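In this text the structure is predicted, and so the values were computed from the model without any measurement. Only this structure's heavy atoms are used, side chains among them; waters, hydrogens and symmetry mates stay out. Below, chains carry the letters A, B, ... as their sequence lines are ordered, and counting in each starts from 1.
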Amino acid sequence: MASGVLFDIDFFEPHIVVYLLEDDGHFWRLTTPFAHTVYLWGSRRELPAICRLAETSRVVALSGWVTRLEFYSNRPRRVMAARVVRQAGLKELYRRLTRSCLSAEMYDSTLDPAQAWLMARGLHPLARVVWQASRGRLIHIQPLDTPWDPPFAVPPLKTLHLRLEQPTSTPMVQNALRIEMDGRRDSLPLRRPEEVIRGLNDWIQRADPDVIWSREGDGAIFPWLVEQAAGLGLPLTLDREPQALHRRVERTGKSFMVYGQVVYKAPSYPLMGRWHLDEQNSFFLRESGLEGLLEMARISAIPVQRMARSSAGTALTNMEIRNALLAGFLIPSRKTQLETPKTALDLLRVDKGGLTYFPPAGMHEQVAELDYAQMYPTIMLIHNISPEVINCPCCPGLQPVPATGYHTCTRRAGLIPQTIRPVLKQRASYKQLKRKAATPAERRAYEQRYSALKWMLVTTFGYQGYKNARFGVIEAHEAVTAWGRESLLRAKEYAEDAGFSLLHALTDSLYLVKNPPFSDESLTGLTERVNRATGLDLALEGVFDWICFPTSKITPNLSAATRFFGRFASGEVKVRGIFLRRKDIPHVIRTAQKEMLEAMARCKTIAELTARHNEVLEVFRHHRNRLQSGGVTREELFFKLRVSRHLADYKSNSPASVCLRLLARRGIQPQPGQSVRYVIVDRRASDPLHRYLPEPLASERPCYEVSAYLELLQAAYDELAGELPCHWPDMAKRTHQLRLF
DNA sequence: GAATTATTTTA
DNA sequence: TAAAATAA
């Protein structure tokens, strides 16, 4: 018996390949035969035909009748088990079955074989395991931990870093590949492809890294390597496999719509036996680092490289599938449309999001902010909200959901609550561990895992309303927001009972004032009362010395519901929605606004803000001078935009369409969902193509329109100071001015 | 293989 | 009015 960590797993039909890191550092590649099982079902009339079709397809081999539970009805169902003998043919078989037999269903068929193997053995990526092997064959393997044993340690990993020396917009022949590992580095010019491929093979062979950590590996480096290697007839030995593998070149990724926005996903180049992680092509790596990614891989049982390129929704679906399988349920291959028909009136009543109030515009002193912690996930947990139990036939009228006419089940525990319960618990335990961490590195690790779980929980709610979610129905989504609105209103009511008045409220947070000023005890009393009534966790976020809700630009008498900034009693500032939070605004402007706000945050009262306003003006003048004298770098001047469509589909001369046209001339074609950075060059130029300049071209004409940036600086200032009595109007010169940088 | 709605502001 | 951005 050997012990260590389950590093990775792959399916290489008809074998599972398991990669293990032994405690003494030894690396193992072991195989074990595996065939995944799917379950066929259909109406009594069609079932014989379904089985016959399946049998003759030679994609599966029928292995006998078994009984499993149907997920939505919770009733036993007789199904025909079938061993998959040709995984690649499964999708086509499913299509043929459903085409010729309307009632046909092939349960468990969307499970990835490697993941099915993991689930069947109670294993997960990075599990601590003991195993037995003989001549490269895995005989036995057993987990020593579960994903819910939080203080897991990441084993030491040998990491090789890959990136391009120049931005990817540079033509590849002028670029070079930078390789770095353990302080040694190399730079291979791409104009000599043969040397690059031999050089990289050499590095990998000598260093035998566990991880290849890249920047733009998926989008640029690997497609280039694979193409060149194929062209030269050279092997590319990136994998830890006995033979070099052949890969197809995939250049263009996919653009798809998510919540009305186009998202771009680069193609992916996973490796066998080592992880290729592209920090540019991974949501979790970007948002919560390697520790966060590994946490997600563990709890969702998705192999690390796939997890790196997946969304929180995919992780959630996998966790749900795992729990459903453990409970003996059949996994439907498609989303079941359970939504009951609604009248227009029902829609009007039910289909709402979170509650929004409009705060009185302007500056306010002594404001308390109260937030519900993890409001939506907690609601799903305590009210048992899940697609298969919402509006169940067994308990109508017992547990009504406020203002919806819906009800929840009192008999069957829903899959969603079961799935998020351990996540909420784990998140809480990382919060503790983070506080008690002995070293900064340890604290950082727990922070990253905590952050990954936060993303996971945010998604559980949104996913309920997602049209393609496997386990989601819109009623569940609506029930959650209904409880959310109810809980916020309850808090408002209790706050007003206790003599507070509501300044602002948004989805899960309340902003309260009290006259005479409140005490900490009165707030604690309030949160305790609310929490007893709602079962949720309302807690004090902090007390603002002052907070400002800027006036809306569209309705000048009102404030904007989603923008504010303020100073907590601790001296810390909190900011939402204003320029410095926006990623599309140039750095000069964001920095200037940040510094102006810092000057304001040194003041504890509105009177002081008024008296010391000169300090804010000084910051303003400093940045105005920088802009006027050309003392800014190009980097600080870039706007950022997300391409939403193909060049031909743009109708106006918007910055996006101008940038795409200019880039297209150089053969650069950003896909919808990718982002482009540009500088404003001259908004009044008669030729629209001279108005804006996208990133790689900006060096050719190092010029910017000073007045455009000054106007924006002025707006940034106005956003902060507009509500103060000492407003200095129009401090930016509006003369049209162009300048080199 | 892909989370949602509400809101703001600009072209 | 549509599009693109943020808050939660």
Side-chain angles (χ1 to χ4, degrees), chain A residues 110 112 253-265 267-268 283 302 306-307 309-318 335 350-359 371-377 454-472 474 476-478 480-482 484-485 488 504-510 549-556 558-564 574-585 639-645 649-658 672-673 675 683 688 691-692 711-712 715 719:
Chain A
T110 51
D112 173 74
K254 277 181 190 139
S255 303
F256 49 87
M257 295 282 284
V258 178
Y259 47 104
Q261 213 179 79
V262 188
V263 176
Y264 175 77
K265 197 176 169 196
S268 103
F283 174 81
I302 296 176
R306 200 148 86 76
M307 187 64 244
R309 294 159 176 88
S310 304
S311 70
T314 307
L316 172 70
T317 304
N318 254 276
K335 178 185 158 68
V350 168
D351 203 12
K352 290 185 210 153
L355 209 57
T356 311
Y357 277 77
F358 290 83
D371 288 349
Y372 279 109
Q374 296 298 315
M375 185 201 235
Y376 286 163
K454 185 194 75 186
W455 282 113
M456 159 101 257
L457 287 168
V458 167
T459 308
T460 49
F461 159 66
Y463 222 64
Q464 283 302 308
Y466 175 45
K467 59 185 184 305
N468 296 331
R470 189 81 68 88
F471 301 100
I474 194 68
H477 189 268
E478 291 161 354
V480 175
T481 53
R485 292 191 297 272
L488 199 66
H504 178 43
L506 188 56
T507 310
D508 61 357
S509 51
L510 297 134
F549 298 101
T551 309
S552 165
K553 286 178 189 152
I554 203 159
T555 44
L558 281 175
S559 67
T562 54
R563 289 158 57 211
F564 71 79
K574 182 164 178 171
V575 164
R576 291 294 178 265
I578 63 174
F579 280 0
L580 71 94
R581 289 275 291 198
R582 300 178 60 116
K583 294 184 194 88
D584 54 337
I585 302 289
F639 285 82
K640 202 165 103 178
L641 62 82
R642 176 173 279 199
V643 177
S644 67
R645 59 195 68 193
D649 301 328
Y650 279 98
K651 286 174 204 138
S652 67
N653 289 314
S654 67
S657 97
V658 169
S675 53
R683 285 172 304 175
R691 293 177 190 167
Y692 313 100
E711 275 170 35
L712 205 58
E719 203 169 34

Take the protein atom [atom1] of [X] and the nucleotide atom [atom2] of [N], then report the distance between them rounded to whole Å.
X        : N      : atom1 : atom2 : result
A:Gln464 : B:dT5  : CD    : P     : 13 Å
A:Glu711 : B:dT10 : CD    : P     : 11 Å
A:Leu355 : C:dA8  : CG    : C1'   : 12 Å
A:Leu488 : C:dA8  : CG    : P     : 12 Å
A:Asn653 : C:dA2  : CG    : C1'   : 16 Å
A:Arg683 : B:dA11 : CZ    : P     : 8 Å
A:Asp508 : C:dA8  : CG    : P     : 8 Å
A:Arg576 : C:dA7  : CZ    : P     : 6 Å

- Query: When you match A:Ser654 and A:Ala560 each to their closest nucleotide on DNA chain B, which lands nearer the 5' end?
  - Reply: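 Whichever sits nearer the 5' end wins; that is A:Ala560.
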- Item | Residue mapping more 5' on DNA chain B - nearest nucleotide basis, A:Glu719 or A:Lys265 |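 Here A:Lys265 is the residue nearer the 5' end.
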- Measure the CG-OH distance between A:Asp508 and A:Tyr376 for me, rounded to the nearest 0.5 Å.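 Going from CG on A:Asp508 over to OH on A:Tyr376, the span is 7.0 Å.
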- OG1 on A:Thr562 to CZ on A:Arg581, rounded to 0.5 Å: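 That separation rounds to 11.0 Å.
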Side chain of [X] - closest among [options]:
X        : options              : value
A:Phe358 : C:dA3, B:dT7, B:dT10 : B:dT7
A:Tyr463 : B:dT7, B:dA3, C:dA5  : B:dA3
A:Ala561 : B:dA3, B:dT8, B:dT5  : B:dT8
A:Thr356 : C:dA4, B:dA6, B:dT4  : B:dA6
A:Tyr650 : B:dA3, C:dA4, C:dA8  : C:dA4

OP1 or OP2 of [N] less than 4.0 angstrom from a side-chain nitrogen or oxygen of [X], does that happen here?
X        : N     : value
A:Ser311 : B:dA3 : yes
A:Arg582 : C:dA4 : no
A:Thr562 : C:dT6 : no
A:Arg581 : C:dA5 : no

- Message: Using a 6.0 Å cut-off, check whether atom NZ of A:Lys640 has over 12 heavy atoms from anything other than its own residue.
- Response: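 Counting neighbours around NZ of A:Lys640, 12 or fewer heavy atoms of other residues, nucleotides or ligands fall under 6.0 Å, so no.
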- Message: Would you say that more than 12 heavy atoms from the other residues, nucleotides or ligands in this model lie under 6.0 Å from the NZ of A:Lys583, or not?
- Response: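 No, the 6.0 Å shell around NZ holds no more than 12 heavy atoms from other groups.
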Touch class at under 4.0 angstrom, heavy-atom based, for [X] against every strand present:
X        : result
A:Asp584 : sugar-phosphate
A:Ser509 : nothing
A:Tyr372 : nothing
A:Arg309 : nothing
A:Leu641 : sugar-phosphate
A:Thr460 : nothing

- Query: Counting N and O atoms only, with roles assigned by atom type, does the side chain of A:Tyr692 sit under 3.5 Å from a partner on the main chain of A:Ala656, one being a donor and the other an acceptor?
  - Reply: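 Not at all, since once roles are kept as given, no pair shorter than 3.5 Å links the two residues.
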- Message: Keeping A:Glu719 on the side-chain end and A:Ile578 on the backbone end, is there a donor-acceptor pair under 3.5 Å?
- Response: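 Absent.
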